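Everything on this sheet refers to the single structure shown next.
A, B, ... follow the sequence lines: proteins, then strands. Residue 1 opens every chain. Just so it is clear, the model here is predicted, and its values are computed rather than measured.
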Protein chains: 2
Amino acid sequence: MSFYIGLVHYPVYDKRGEIIVAAITNLDLHDLARLAKTYGARRLYVINPLREQQDLAKNICRHWVSGYGAHYNKDRKEAMSLISVVPTLESSMAEIKDSEGEIPTLIATDAGRDKGQKVNYDSAREIVASNKAVMILFGTAWGIANEVIRKADYLLEPIFGVSSYNHLSVRTAAAITLDRLFSEFIRP
Amino acid sequence: MSFYIGLVHYPVYDKRGEIIVAAITNLDLHDLARLAKTYGARRLYVINPLREQQDLAKNICRHWVSGYGAHYNKDRKEAMSLISVVPTLESSMAEIKDSEGEIPTLIATDAGRDKGQKVNYDSAREIVASNKAVMILFGTAWGIANEVIRKADYLLEPIFGVSSYNHLSVRTAAAITLDRLFSEFIRP
């Protein structure tokens, strides 16, 4: 099993449902890189088409991978080394195809209820446990645009806790999704 | 079952193992409040003894609960309304005792391996499913000081993914812990 994570900054929705490029958030990179390392992802693709935003993300990564941060915190270096900054989902999929020899299965995530057919976590665990490479997408801002969700092989069911409230940050939603899909922890 | 969350800023360790007061991080409040709402916590106690840090946290909450943010994002208002800013763990425990009529069971979390006897997630699910009130503590910086962990009724086992790397942020660790303890999702 080899899997990859994509953090999508474009195309995503804003509060009003308009397509935007979301700004890169420093803590998203740190939290998702640490999750990627914890759960064994091959790479974390930070997807943003804007050159200045890419440079910002690359500067953050450089600090922790080869700059002062690499000496300050070696655990963080290990995690941040997993980040690749790319302009588009297509470029990340092409890079994965190059290294895996096949186009990965694309799994999108979304908190919305009305986005069509969804795969539940039990089935998704079987999909990621197969031998095929998998790319799991998380959206920033108000979520991944439908045009991307339609391209995915699977759309994962939303996370619900104990109520209908499901407005989690991308950081905590990604944590729960990866733990549900990849951890060995078995609930009673 | 009624449970509470405590986000501990003191006493916690810094990188060198010295006891410090950690600074409040805006995104911690948002992410943990949204988690608290998602999983049904009664309150999220933000524990910090410094008056200026308390004021900062209260100002953030006020913005989202009764200020401009309350109109901008009603979902966030619901979550941020769960936050109480308190100076000490003891004051939060006293407040819970006042409303529940009993001192809550105190469960501490820690990423370290060598902190003594730990309760696993299966047992912890049974503990939180009982009728007694429960307070779950998460530490900022390099984790909750041992003097607090020793006072707890239980220390929860650390989160591991697929490797020995377990350096998660408090935001993502709290997400995984709450999902493991409270969600209805059952792994195969």
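Transitive grouping of hydrophobic side chains (ILVMFWY, heavy atoms separated by less than 4.5 Å) brings Y121(A) and F3(A) into a common cluster. Under the 4.5 Å side-chain contact rule for hydrophobic residues, Y4(A) and I136(A) do not share a cluster. With hydrophobic clusters built from ILVMFWY side chains whose heavy atoms lie under 4.5 angstrom apart, V148(B) shares a cluster with M135(B). Transitive grouping of hydrophobic side chains (ILVMFWY, heavy atoms separated by less than 4.5 Å) keeps I107(A) and I96(A) in distinct clusters. Residues I83(A) and I47(A) do not share a hydrophobic cluster, clusters being chains of Ile/Leu/Val/Met/Phe/Trp/Tyr side chains in contact below 4.5 Å.
Atom NE2 of H167(B) and atom CD of E78(A) lie 7.0 Å apart (nearest 0.5 Å).
Between the side chain of Y165(B) and the backbone N or O of Y39(A) there is no donor-acceptor pair closer than 3.5 Å.
Among all heavy-atom pairs drawn from A175(A) and I176(B), the shortest one is O-CG1, 3.6 Å. Of all the heavy atoms in W142(B) and N73(A), the pair that sits closest is CZ2-ND2, 4.3 Å.
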| task | Mind running side chain to side chain contact (heavy atoms under 4.5 Å, CB included) on S183(B) and R180(A) for me, showing each step along the way? | result | CA-CA 11 Å; S183(B) 89; R180(A) 288 184 179 188; 3.7 Å; yes

Practice task
Report the C-alpha separation of S169(B) and R34(A) in whole Å, then their side-chain angles, then the decisive distance to 0.1 Å, and conclude whether the side chain to side chain contact (heavy atoms under 4.5 Å, CB included) test is met.
Solution key: CA-CA 8 Å; S169(B) 72; R34(A) 294 159 83 179; 3.6 Å; yes

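Heavy-atom distances place both the backbone and the side chain of A79(B) under 4.5 Å from chain A. Heavy-atom distances place no part of E126(A) under 4.5 Å from chain B, backbone and side chain included. Neither the backbone nor the side chain of A173(A) comes within less than 4.5 Å of any heavy atom of chain B.
Between chain A and the residues N120(B), V162(B), I159(B), the largest count of heavy-atom pairs under 4.5 Å involves V162(B). Of all the listed residues (L35(B), N166(B), L32(B)), the one sharing the greatest number of non-hydrogen pairs under 4.5 Å with chain A is L35(B).
Sparse packing is recorded around CD1 of I103(A), with 12 or fewer heavy atoms of other residues, nucleotides or ligands lying under 6.0 Å away. The number of heavy atoms from other shown groups lying within 6.0 Å of CD (E52(A)) does not exceed 12. For E147(A), the CD atom is densely surrounded, since the number of other residues' heavy atoms within 6.0 Å is greater than 12.
Proximity to chain B among residues 12-29 of chain A is limited to K15(A), T25(A), L27(A), judged by heavy-atom separations below 4.5 angstrom.
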